[in-house]
J.: 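Can you keep this structure in mind? I'll have questions shortly.
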Amino acid sequence: MRTPAWLGPGSPARDPALAVVSLAGGLVLYGVGLQPQFPWDPDVPEQLFLAPLLLACVAVGLRRAATRTGLALGTAAVLADTALGVSLGTALVYTQVLYDACVYGPPRVRRWLLRVTVWLSVAGVVVGSVLWGWRGAAAGVPFVLGGVLPVLTGVSVRQSRDQAAAERARAEQTARLAELDRRQAVLAERARMARELHDVVANHLSAVALHATAVLSAPQLDRSRVDAALRVIRESSVQGMAEMRQLIGLLREPADGADEPTRVRLDELDRLVERVGAAGLAVRATVTGQPRPLPVGVDLAAYRIVQESLTNALRHGTGTAELCVAYEPTEVVVTVQNPVREGGGPLIGAGAGLIGMRERAALLDGRFSAGPVDGRWRVHAALPTGVAR
């Protein structure tokens, strides 16, 4: 049977209900004649024992609202009951008061109650032994049952609750840290996607813009040159759309039976060189070392670095560039050099490509440098590939 909601943990009605139940139990014991247990004066009316019982039940009702006040009232009630002759009902209710003081009271109250009840138990044993011999040691048993055990139980429950609260706080903190890590991962993924989109789209759009500008600025071009420029614009647009689809495919969940989208690879540089050559950049490409399959991240990063470097050479160079790809035992090294056109102002968005290339190399624990060397612009990237082969 479930506890009613109005008597659930934390409900304001729970403490008064417990006080009423305690009073009812004490009245039952009074009705069956179980008090007083030790009548010091037979002439004391039994009705007087109801006053300490009622005061102890009030103390139970104050267990959470005013713990120390309830403890004081309960202690006064049990002392008054003891002076009258000790009734079982008040003694039992007082054990609840001690338990509640340990569970809901401050740590100092718990420590104080434990010391007092232990010393009272020891004193009962000693006094009983002195007065009635070794059998008198049993005088300490009521103090142990009515004092030490309720206090120890309350201390144990309070420690368990404190430990549970600490575990909940630790779990909440862990959840918050996990949420922060997730958000950081989302931001990092968005930044990576932005760099990838820049590399996929901006390079091809740059070639489109350059050739469109050339056609518009020279209206007297013959038909063959116009056709050549339009072919470059079309090829760059189609290639950009294809790579855009590949990127979007990588971000989607692969369907059952569908092949993984094809990624651009470093061994496809010949087609990249052909495209930039058709766009007006003469590239002299050399490959040293033994070409081999590379890790996907290294393969893609090396290709994008070369692509961005050749695009920059097309924008700001004089029409020629040198490309060198070196397959080293533990890394692949790409180098792009080109003369810089004099008087060429920076384009809108210039600098984003260098940042993207530098971050790609850093993510792979590689080395990257870009800058003027002997009058030429030089991009150099060394990307580790793992153990030597």
J.: Please determine, by modelled atom types, if His380 and Ser369 share a side-chain donor-acceptor pair under 3.5 angstrom.
T.: no
J.: Taking only residues two or more places apart in sequence, or in another chain, which ones meet Leu272 in a side chain to side chain contact (heavy atoms under 4.5 Å, CB included)?
T.: Leu269, Arg275, Val276, Tyr303, Val306, Gln307, Leu310
J.: Linking Ile, Leu, Val, Met, Phe, Trp and Tyr through side-chain heavy atoms less than 4.5 Å apart, which residues share a cluster with Tyr99?
T.: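 The other cluster members (ILVMFWY side chains, heavy atoms under 4.5 Å, direct or chained) are Val103, Tyr104, Val157.
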J.: Calculate, to the nearest 0.5 Å, the distance between atoms OG and CD belonging to Ser309 and Gln337 respectively.
T.: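 Between atom OG of Ser309 and atom CD of Gln337 there are 11.0 Å.
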J.: Give a yes or no answer on whether the side chain of Thr117 reaches the backbone of Leu114 with a donor-acceptor pair at less than 3.5 Å.
T.: yes
J.: If the condition is side chain to side chain contact (heavy atoms under 4.5 Å, CB included), which residues does Leu145 pass it with, not counting sequence neighbours?
T.: Val141, Leu149
J.: If you link I, L, V, M, F, W and Y whenever their side-chain heavy atoms are under 4.5 Å apart, who else ends up in the same group as Leu55?
T.: Val58, Leu62, Leu73
J.: Which heavy atom in Phe368 sits nearest to a heavy atom in Ala381, and how many Å separate them?
T.: CD1-CB, 3.9 Å
J.: Could you state the interatomic distance from CG (Leu84) to CG (Leu79), rounded to the nearest 0.5 Å?
T.: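 Rounded to the nearest 0.5 Å, the CG-CG separation comes out at 11.0 Å.
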J.: Remaining members of Val127's ILVMFWY cluster at a side-chain heavy-atom cut-off under 4.5 Å?
T.: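 Leu131, Trp132, all in the cluster of Val127.
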J.: Looking at every heavy atom in both Ala19 and Gly61, which two are closest together, and how far apart are they?
T.: CB-N, 3.8 Å
J.: With clusters defined by side-chain heavy atoms of hydrophobic residues (ILVMFWY) lying less than 4.5 Å apart, directly or transitively, does Val336 cluster with Val333?
T.: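 Unlinked, Val333 and Val336 end up in two clusters.
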J.: Sequence neighbours excluded and cut-off under 3.5 Å, please list the side-chain donor-acceptor pairs for residues 161-169, or say none.
T.:
| from | atom 1 | to | atom 2 | distance (Å) |
| --- | --- | --- | --- | --- |
| Asp162 | OD1 | Arg158 | NE | 3.1 |
| Asp162 | OD2 | Arg158 | NE | 3.4 |
| Glu167 | OE1 | Arg170 | NH1 | 3.0 |
| Glu167 | OE2 | Arg170 | NH1 | 2.9 |

J.: Taking atom types as modelled, find out whether Thr385 and Tyr327 have a side-chain donor-acceptor pair closer than 3.5 angstrom.
T.: no
J.: Could you name each residue pair satisfying salt bridge (Lys or Arg N to Asp or Glu O under 4.0 Å) that touches residues 320-337, not counting sequence neighbours?
T.: Arg284-Glu322, Glu322-Arg376, Glu331-Arg367
J.: Do the charged groups of Arg182 and Glu179 touch, with an N to O distance under 4.0 Å?
T.: yes
J.: What closest approach, in Å, do Ala139 and Gly124 show between heavy atoms, and which atom pair accounts for it?
T.: CB-O, 3.5 Å
J.: Can you confirm whether Thr286 sits close enough to Val325 that some side-chain heavy atom of one is under 4.5 Å from a side-chain heavy atom of the other?
T.: no
J.: Considering residues at least two apart in sequence or located in another chain, which fulfil the side chain to side chain donor-acceptor pair (under 3.5 Å) criterion with Asn338?
T.: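 Side chain to side chain donor-acceptor pair (under 3.5 Å) list for Asn338, sorted by chain: empty.
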J.: So, do Arg304 and Met357 sit near enough that their side-chain heavy atoms are less than 4.5 Å apart?
T.: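 Heavy-atom side-chain distance check fails, nothing below 4.5 Å.
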J.: Between Phe143 and Val148, is there a side-chain heavy-atom distance shorter than 4.5 Å?
T.: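 Contact flag for Val148/Phe143 side chains = no.
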J.: Kindly say whether Leu92 contributes a backbone atom to a donor-acceptor pair with the side chain of Thr95 at under 3.5 angstrom?
T.: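 Confirmed, Thr95 side chain pairs with Leu92 backbone.
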J.: Under the side chain to side chain donor-acceptor pair (under 3.5 Å) rule, collect the residues that match up with Thr67, sequence neighbours excluded.
T.: none
J.: Is there a donor-acceptor pair closer than 3.5 Å between any side-chain N or O of Ser22 and the backbone N or O of Leu18?
T.: yes
J.: Per the side chain to side chain contact (heavy atoms under 4.5 Å, CB included) rule, which among Val97, Asp100, Leu71 passes with Arg63?
T.: Asp100
J.: Considering residues at least two apart in sequence or located in another chain, which fulfil the side chain to side chain contact (heavy atoms under 4.5 Å, CB included) criterion with Leu364?
T.: Val298, Ala301, Leu383
J.: Is the shortest heavy-atom distance from the side chain of Val155 to the side chain of Leu113 under 4.5 Å?
T.: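 Contact flag for Val155/Leu113 side chains = no.
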J.: I need the minimum non-hydrogen distance between Leu266 and Asp299, along with the two atoms involved.
T.: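 Closest heavy-atom pair between Leu266 and Asp299: N-OD1, 2.7 Å.
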J.: Kindly compute the distance separating CG (Leu50) from CG (Leu27), expressed to the nearest 0.5 Å.
T.: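 Separation between the atoms: 6.5 Å.
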J.: What pair of heavy atoms forms the shortest contact from Ala56 to Ala77, and how long is it?
T.: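 Answer, listing the atom of Ala56 first, then Ala77: N-CB, 3.8 Å.
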J.: I'd like to know if the side chain of Thr90 pairs up with that of Ser87 as donor and acceptor (distance under 3.5 Å, no hydrogens or angles considered).
T.: yes
J.: Output every pair passing salt bridge (Lys or Arg N to Asp or Glu O under 4.0 Å) with a member in residues 104-133, not counting sequence neighbours, ordered by first then second residue.
T.: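 Applying salt bridge (Lys or Arg N to Asp or Glu O under 4.0 Å) to every pair that reaches into residues 104-133, excluding sequence neighbours, yields nothing.
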J.: Show the nearest heavy-atom pair for residues Leu281 and Ala313, with the distance to one decimal.
T.: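 That closest heavy-atom pairing would be CD2-CB, 4.0 Å.
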J.: Hey, does Cys57 have a side-chain heavy atom less than 4.5 Å from the side chain of Leu53?
T.: yes
J.: Please determine whether residues Val125 and Val151 belong to a single hydrophobic cluster, defined as Ile, Leu, Val, Met, Phe, Trp and Tyr linked transitively by side-chain heavy-atom distances below 4.5 Å.
T.: no
J.: Going by side chain to side chain contact (heavy atoms under 4.5 Å, CB included), name the residues that satisfy it together with Val340, two or more places apart in sequence or in a different chain.
T.: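 Partners of Val340 under the side chain to side chain contact (heavy atoms under 4.5 Å, CB included) test: Trp377.
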J.: So how far is it from Leu29 CG to Phe49 CZ, rounded to the nearest 0.5 Å?
T.: 13.5 Å
J.: Any chance you could measure Trp112, atom CH2, to Cys102, atom SG, to the nearest 0.5 Å?
T.: 10.5 Å
J.: Do Val60 and Asp15 have side chains that get closer than 4.5 Å, going by heavy atoms?
T.: no
